[in-house]
2 protein chains.
Amino acid sequence: MKPEENLKKEILRNVPLFSEMDVSHLNEISEIGRIEQFKKNQHIFLENDYYRGFYIVLKGNIKVYRISAEGKEYILHLRKPPQLFADVPLFEEGGNYPANAQALEDSLLLFISKEEFAGLIRKNPSIAFKMLAGFAKRMRQMTKKMEEISTKEVSNRLAGFIIEEIEKNGSIKLKEPFLCLTISKATVAAYLGTITETLSRAFKKLQEENIIVVNGKKIFVKDLKKLKQLAG
Amino acid sequence: MKPEENLKKEILRNVPLFSEMDVSHLNEISEIGRIEQFKKNQHIFLENDYYRGFYIVLKGNIKVYRISAEGKEYILHLRKPPQLFADVPLFEEGGNYPANAQALEDSLLLFISKEEFAGLIRKNPSIAFKMLAGFAKRMRQMTKKMEEISTKEVSNRLAGFIIEEIEKNGSIKLKEPFLCLTISKATVAAYLGTITETLSRAFKKLQEENIIVVNGKKIFVKDLKKLKQLAG
DNA sequence: CTGGTTTTCTGACTTAAGTCAAAGTAATTT
DNA sequence: AAATTACTTTGACTTAAGTCAGAAAACCAG
């Protein structure tokens, strides 16, 4: 078996959508999915491309974004293993991708075509419920983010972002939580709905208040309590 | 049959979730749902209340909102017939309502308990797919709104809101589209992620540019092309 | 290592939108 | 209809965050 195959099975087990499947089912999913490699900065699809199916991130980091009429980039999601993206259009009328997707680093994706997925869900209708749970969770996250963008200012949103990240990497439990950005600060800015200059000043502000220490791409949390307070 | 019963059946036929059900199924849904009346300003549920089930709007207007730590109201959704609300928590772990819901006018709702719904979906698994389609549509709307809030300014968001409303009431096809607000401008402001003063100025701006004419709660669209352009 | 590119930061300035206070208008009650 | 209340608009002011331009730092390829 190719080394990729092991990674594929390993990750599939962690995809919430497939988490309760037994081995034979996982093998089946593994069969219908096609592994695709993308170099850093390479696009996976563009807005308005014909919708072929969705992706599961096996390795790397993907940004899904749109460009506004005025040319401003707006980042809809950042996706790491074992997350899905472009799964929403599976259940929509229109036949095109509604946004752009680009690899932020060399990435490995599992592509599942809409036709294959239709077959899979026909055989395992319980996947529909998994999907509903996944959608529900994301809607919750989205409403939270929407609320944040319209009621909080940038430094508060940054505080929230840092907390999310140290929760994900588990270091929130340590005495000094930390995080190492795998994406550029310009990307973080667009994700928080702002621009690099403003983000830079927000980082400075948090540093001046002795809440964090920034060293290039590394961020050390000095005062988690205050950080949480800011994030609200 | 009570007059409410007719309204109930009539509306249920229009709920996308139930749209393709045959009469016997609709009757069944009608059976399990309980009609509830709410006076203007009355609350349907509050944040952190125990989650009992979801609602279908038969008549009236409902706002689902949250209050931020600083006391700012943020409106998540405005719901009219035949829309659903509080359906997302059906598929989530936590057992509480994640927001507040309040009637903006005297309203009639159909309440469906989570237990009854679980039974319904067991008998008609196809409802899960309807639900997925509904969630997908809403996620699309939410991403659109999020993008708008973080990239456009208030007058553009207002333009978008007016277009949505005249699309919904059908008057967009007329020579002079119009809309009659059923909610206060303070509510519109909170829905657009801003405050009354700023909204008032945005209305003024659109009027000064001869795009709309505002007369109390009535808004007449004079220049749909420009309005669409602003909305982007 | 070095020259060049990209990314990030800083400062000066502008602007959209928030705050506060007050006046004006509309709606409701008695 | 008068009075009370709620909603909306206006004006003066403040502020968060965007723009533009340039400096500094980090990253990479030859």
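Below, chain A is the first sequence line, B the second, and so on; all start at residue 1. Only a predicted model underlies this, so the values are computations on that prediction, with no experimental measurement involved.
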Is there any protein nitrogen or oxygen under 3.5 Å from a nitrogen or oxygen in nucleotides 24-30 of chain C, and what are the pairs?
none

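Proximity of a side-chain donor or acceptor of A:Ser107 to a complementary backbone N or O of A:Asn61 within less than 3.5 Å is detected. With hydrogens and angles ignored, the 3.5 Å screen pairs a side-chain donor or acceptor of A:Tyr97 with a backbone N or O of A:Gly53. Side-chain atoms of B:Lys152 come within 3.5 Å of backbone atoms of B:Ala231 as a donor-acceptor pair (strictly under, hydrogens ignored). Under the 3.5 Å distance criterion, the side-chain polar atoms of A:Asp106 are matched with a main-chain donor or acceptor of A:Lys40. Between the B:Tyr191 side chain and the B:Leu76 main chain, no donor and acceptor come within less than 3.5 Å of each other.
Of all the heavy atoms in B:Ile44 and B:Arg52, the pair that sits closest is O-NH2, 3.9 Å. For the residue pair B:Leu109 and B:Tyr55, the shortest heavy atom distance occurs at CD1-CD2, 3.8 Å. Residues B:Met146 and A:Met142 come closest through the heavy atom pair SD-O, 3.8 Å. Among all heavy-atom pairs drawn from B:Ile75 and B:Lys145, the shortest one is O-NZ, 3.8 Å. Across B:Ser150 and A:Tyr74, no two heavy atoms sit closer than the pair OG-CE1, 3.0 Å.
What separates CG of A:Asn41 from C1' of D:dC27 is a distance of 14 Å, to the nearest Å. Nucleotide C:dT19 holds its P atom 10 Å from the CD atom of A:Glu153, rounded to whole Å. Atom P of nucleotide C:dA16 and atom NZ of A:Lys72 are separated by 13 Å, given to the nearest angstrom. B:Glu105 places its CD atom 19 Å from the P atom of D:dA6, with the value rounded to the nearest Å.
In the region residues 195-216 of chain B, proximity to DNA chain C at under 4.0 angstrom, judged on heavy atoms, holds for B:Ile195, B:Glu197, B:Thr198, B:Arg201. At a non-hydrogen distance threshold of 4.0 Å, B:Ser184, B:Lys185, B:Ala186 from residues 176-194 of chain B come into contact with DNA chain D. Scanning residues 154-163 of chain A for heavy-atom distances under 4.0 Å to DNA chain C yields an empty list.
The pair B:Glu209-B:Lys226 fails the salt-bridge criterion, with no side-chain N (NZ, NE, NH1 or NH2) lying under 4.0 Å from an Asp/Glu carboxylate O.
The rotation axes computed at either terminus of the helix from C:dC1-D:dG30 to C:dT30-D:dA1 lie 50° apart, taking five pairs at each end and rounding to 10 degrees.
Remark: A:Arg34 engages A:Glu36 in a salt bridge (charged side-chain N to carboxylate O under 4.0 Å, His left out) (not counting sequence neighbours).
Atom NZ of A:Lys114 sits in a crowded spot, with more than 12 heavy atoms from other residues, nucleotides or ligands closer than 6.0 Å. In B:Lys137, the NZ atom is not crowded: 12 or fewer heavy atoms of neighbouring residues, nucleotides or ligands sit closer than 6.0 Å.
Side-chain contact check for A:Leu90 versus A:Tyr51: some heavy-atom pair is nearer than 4.5 Å.
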